[in-house]
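Quick note: residue numbers are just sequence positions, from 1. Start at 1 and go down the list; that is how both ligands and their atoms are numbered.
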Amino acid sequence: MSNQLLAQKKGIIFGALDNQSIAWKTAEAVAEAGGSFVLTNAPVALRMGTISELAEKTNSQVISADATNVKELNALVDQSQEILGGKLDFVLHSIGMSVNVRKGKHYTELNYDWLTKGWDISAVSFHKLLQTLYHKNSMAPWGSIVALSYIAAQRTFPNYNDMAENKAYLESIARSFGYFFGKNKKVRVNTISQSPTLTTAGKGVAGLDGFLNYAEKMSPLGNATAEECANYTVSLFSDLTRKVTLQNLYHDGGFSNVGVSQEIIDSLEDNK
Ligand code: NAI
C-alpha cells in the first residue's frame with residue numbers, strides 16, 4: 001500500500017531508458033508515493049527507449065534534454081516548472097555512460113576524446129544541472145537532489161574503467177555544490193552508491209554476472225535491487241531526511257564494509 005510520503009511534491013527524473021533502468025523504477029515508486037514529475041532523457045534515448053509507456057503509466061510528461069547541454073537544461077527546468085506549477089522538491093540524476101567502456105577500450109589504453117565525453121555525460125552534467133537549478137532558484141526549500149554512484153569511486157574494480165573516475169568526480173560535485181545549496185537554499189544534495197544492477201548501463205561493464213555474484217556473496221543482506229534503490233530514493237526525497245546532505249550513501253546490502261564473507265572463503269577453499 002502506498003505511503004504518500006511525496007504527496008504534493010514535484011520534480012524531474014533523468015535517465016529512464018527502459019523498464020530495467022533505476023530511474024524507471026524510481027519514477028514508479030515516486031508516483032506510488034504521491035509525487036508528480038517530468039521525465040527527461042537524451043534525444044537518442046527517447047527515440048530508442050520506451051519512456052512513453054512510463055509517462056502514460058505515471059501520468060507525466062516527457063521533455064527531451066541532453067544533460068551535457070546547458071541551454072537544453074535551462075529550457076527543461078523552465079518547462080518543468082510551468083508544467084508542474086511551481087518550484088521543484090526533488091531531482092534525480094540517473095545518468096552514466098563511458099565511450100571507452102562501450103567501445104571495449106582497456107583502461108591502460110584510454111582514448112582521451114572518449115574519456116572527456118563520458119566524463120561530461122556521467123559527472124560534469126551533474127554540475128551543469130545543479131548550477132542551472134541554483135541560478136534559476138528552481139528548488140523549493142528543503143528540496144532534495146540525488147545522483148547515482150558506484151563504489152568504484154573508492155575501490156578498484158578493474159573492469160569499471162574510466163567510470164571509476166567519473167563516479168569519484170560526481171560524488172565530489174555533490175559535496176561541493178551541496179555546501180552552497182545547503183547554506184543558501186536549504187536544499188539537500190546526496191549520492192547513492194548502489195549495488196551492481198542488471199540494466200543497460202550495468203551490462204556495459206565486462207563480466208557483470210561474475211561481479212553481481214561476487215557482490216551478492218559479499219553482502220550480508222544481498223545485493224540491493226533497482227526497486228529497493230527506488231524506495232531508498234523516495235525516502236531521500238521525503239521530509240523524513242531533511243538534514244541528510246553532502247553524503248555518499250551506500251545502498252549495497254552492506255558490501256562496502258565487508259572485508260571478506262564466509263561464502264567467499266568457502267568457495268575459495270572448495271577450489272583448493
Ligand atoms: P540505464 O542505462 O538504464 O540509465 C542510464 C541513463 O543515462 C540512460 O537513460 C541514458 O539514456 C542516460 N543518458 C546517457 N547519456 C545522456 C545524456 N547525454 N543526457 C541525458 N541522459 C543521458 O542504466 P542504470 O543502471 O539505470 O544507470 C543509472 C545510474 O545508476 C547511472 O549513473 C549508473 O552509473 C548508476 N549505477 C548503476 C549501477 C548498475 O550496476 N547498473 C550501479 C551503481 C550505479
Any donor-acceptor pair under 3.5 Å linking the side chain of [X] with the backbone of [Y]?
X      : Y      : result
Asn190 : Val244 : yes
Glu28  : Lys25  : no
Ser176 : Ile173 : no
Lys136 : Val77  : no
Arg188 : Val146 : no

*What distance do His106 atom NE2 and Asn111 atom CG have between them, rounded to the nearest 0.5 Å?*
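One gets 15.0 Å once the value is rounded to the nearest 0.5 Å.
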
_Once rounded to the nearest 0.5 Å, what's the spacing between atom OH of Tyr107 and atom CG of Asn159?_
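Reported value, rounded in 0.5 Å steps: 13.0 Å.
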
Give the single entry among [options] that approaches [atom] most closely by any heavy atom.
atom                    : options                      : result
atom 36 (N) of ligand 1 : Ser149, Ser122, Gly96        : Ser149
atom 23 (O) of ligand 1 : Ala201, Ala215, Gly202       : Ala201
atom 19 (N) of ligand 1 : Ala67, Ala224, Ser98, Ala226 : Ala67

Is there a nitrogen or oxygen of [X] sitting under 3.5 Å from a nitrogen or oxygen of ligand 1?
X      : result
Gln20  : no
Leu208 : no
Ala45  : no
Lys167 : yes
Asp66  : yes
Ser21  : yes
Ala23  : no
Thr68  : no

May I ask you to identify the nearest protein heavy atom to [atom], giving residue, atom name and distance to one decimal place in Å?
atom                    : result
atom 26 (O) of ligand 1 : Ile22 N, 2.9 Å
atom 25 (O) of ligand 1 : Thr199 OG1, 2.4 Å
atom 30 (O) of ligand 1 : Leu148 CB, 3.5 Å
atom 21 (N) of ligand 1 : Asn41 OD1, 3.3 Å
atom 8 (C) of ligand 1  : Gly15 O, 3.8 Å
atom 15 (N) of ligand 1 : Ile121 CG2, 3.4 Å
atom 6 (C) of ligand 1  : Ser94 O, 3.5 Å
atom 13 (N) of ligand 1 : Ile95 CG2, 3.7 Å

*Distance-only polar pair, side chains of Gln194 and Thr197, donor-acceptor under 3.5 Å*: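 Result is yes, a qualifying pair exists.
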
*Return yes if a side-chain donor-acceptor contact under 3.5 Å exists between Asp66 and Thr68, otherwise no.*
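There is such a pair (donor and acceptor under 3.5 Å, judged by atom type) between the side chains of Asp66 and Thr68.
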
*asked:* So Asp252 and Asn223, do their side chains get closer than 4.5 Å, heavy atoms only?
replied: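 No, their side chains stay 4.5 Å or more apart.
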
*asked:* Between ligand 1 and Ser195, can you find any atom pair, the residue atom being a heavy atom, that is separated by under 4.0 Å?
replied: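 True for this residue.
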
*Taking it one step at a time, do Asn184 and Tyr134 satisfy side chain to side chain donor-acceptor pair (under 3.5 Å)?*
CA-CA 9 Å; Asn184 301 326; Tyr134 189 86; 2.8 Å; yes

_Give the atom numbers and elements of ligand 1 that come within less than 4.0 Å of a heavy atom of Thr200._
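So the atoms of ligand 1 that pass are 2 (O).
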
_Carboxylate-amine/guanidinium contact Asp239 Lys9, below 4.0 Å_ =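 Counted as a salt bridge, because a side-chain N and a carboxylate O are separated by less than 4.0 Å.
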
